[in-house]
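The block underneath contains the structure these notes are about, expressed in structure tokens.
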Amino acid sequence: MVWAWMLWYYVSDRQERLAVPEDQLAALAGSGVLRPTTLVWRKGMEEWTSAGELKPEWFSGGDGLPSTVAEGEDRGLVTELAQTLRPYAAWVSLSGWMHGLTAVLLVAGSIALGYFAWRRPERLLEWSPQLPDGLRPLLAGPWWTVGAALVLALLLFFMGAQLIGGAARIRRAGSLQSREELRIALRSVGSFFRATVLTLFLALIAGGALLLHHYRPWQKAKPEAPVPAAAPKERVTI
């Protein structure tokens, strides 16, 4: 819990009065959000004061020159990248929530399939002929299907969390002009793509193995016994 007397207010570049906890002021100064000319104030102060006048140590390095985390070209690159990614943050976040919703549906479907496989297996036998040929193996080995669906749901939860967290980091990187926030955002999105490739690879292997196990193409079908021809009927003349 942050008490009101622990909050500091500063005037942003957009002339907005933003509140931050006291322990974050030094980090904001280091990332370049707070500059020596930025006005700051907290409860108990008579008037707004420039940050450089109030806390000069935030802006001086060992040689007395201004020191920030992202300066010059580095800072400009951070700002440019953050502004480029920011319009896509909403789509990235939406994709994350859709991954999470898909994972919830998979978990619900797995629970339902597990219930029928445990308590009502005869229903699965009734439904199997009604499915397309490619989906019948799912009911032929229901517990394998449940296990695979739960693993896929966990991966989708992880991927959704990476996307949602990356979108939030992109927004923070744009507002704070922080290279660290941008680095974490890009790493989260990279983790999502890595998990996507691994998920597709495992899904292809699992699906192929399931189909091979169900159809067993290496086992030759037994030839059917020939049906004997019917004997000709004798005509009886009376």
Side-chain angles (χ1 to χ4, degrees), residues 81-82 84-173 180-227:
L81 287 176
T84 302
L85 295 173
R86 191 178 182 88
Y88 302 98
W91 292 101
V92 173
S93 180
L94 177 61
S95 179
W97 286 109
M98 291 179 66
H99 277 73
L101 178 60
T102 304
V104 171
L105 294 177
L106 276 176
V107 172
S110 300
I111 294 174
L113 182 59
Y115 168 78
F116 283 104
W118 180 38
R119 303 297 299 271
R120 305 288 296 277
E122 68 279 0
R123 298 298 299 273
L124 298 182
L125 296 177
E126 295 176 4
W127 295 336
S128 182
Q130 302 175 9
L131 294 177
D133 293 341
L135 297 179
R136 289 178 185 176
L138 297 178
L139 297 185
W143 292 113
W144 286 100
T145 304
V146 170
L150 291 178
V151 171
L152 181 59
L154 289 176
L155 288 173
L156 289 175
F157 274 126
F158 171 76
M159 294 160 62
Q162 292 294 322
L163 287 175
I164 295 172
R169 294 288 185 177
I170 289 172
R171 295 188 183 95
R172 286 177 59 85
E180 181 67 16
E181 293 290 341
L182 182 62
R183 183 182 67 82
I184 296 175
L186 294 176
R187 187 174 61 185
S188 297
V189 177
S191 298
F192 160 75
F193 284 108
R194 181 175 58 189
T196 300
V197 173
L198 291 176
T199 302
L200 292 176
F201 182 70
L202 293 176
L204 288 175
I205 292 178
L210 187 62
L211 289 175
L212 288 175
H213 176 74
H214 181 71
Y215 292 107
R216 299 179 179 88
W218 57 88
Q219 295 183 357
K220 296 182 179 180
K222 296 181 180 180
E224 297 181 358
V227 179

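Just so you know, these numbers come straight off a predicted model, no measurement behind them.
- For the atom pair Thr145 OG1 and Leu152 CG, the distance stands at 12.0 Å (nearest 0.5 Å).
- Residue pairs satisfying the side chain to side chain donor-acceptor pair (under 3.5 Å) criterion with at least one member in residues 101-118, sequence neighbours excluded, are absent.
- Atom CE of Met159 is separated from atom CZ of Arg194 by 12.0 Å, given to the nearest 0.5 angstrom.
- Side chains of Val104 and Phe157 form a contact here, defined as non-hydrogen atoms less than 4.5 Å apart.
- We find the CG-CG distance between Leu150 and Leu155 to be 11.5 Å, quoted to the nearest 0.5 Å.
- Residues Leu156 and Ala103 come closest through the heavy atom pair CB-CB, 3.8 Å.
- Taking each heavy atom of Val107 and Ala153 in turn, the nearest pair found is CG2-CB, 3.7 Å.
- Every residue two or more places apart in sequence or in another chain that forms a side chain to side chain donor-acceptor pair (under 3.5 Å) with Arg120 is listed here: Glu122.
- By the 6.0 Å contact criterion, CZ on Arg123 is enclosed, its count of non-hydrogen atoms from other residues, nucleotides or ligands being greater than 12.
- Residue pairs meeting the ring-ring contact (aromatic ring centres under 6.0 Å, His included) criterion with at least one member in residues 91-114, sequence neighbours excluded: His99-Phe192.
- Taking every heavy atom of both residues into account, Gly114 and Val146 meet most closely at N-CG2, 3.8 Å.
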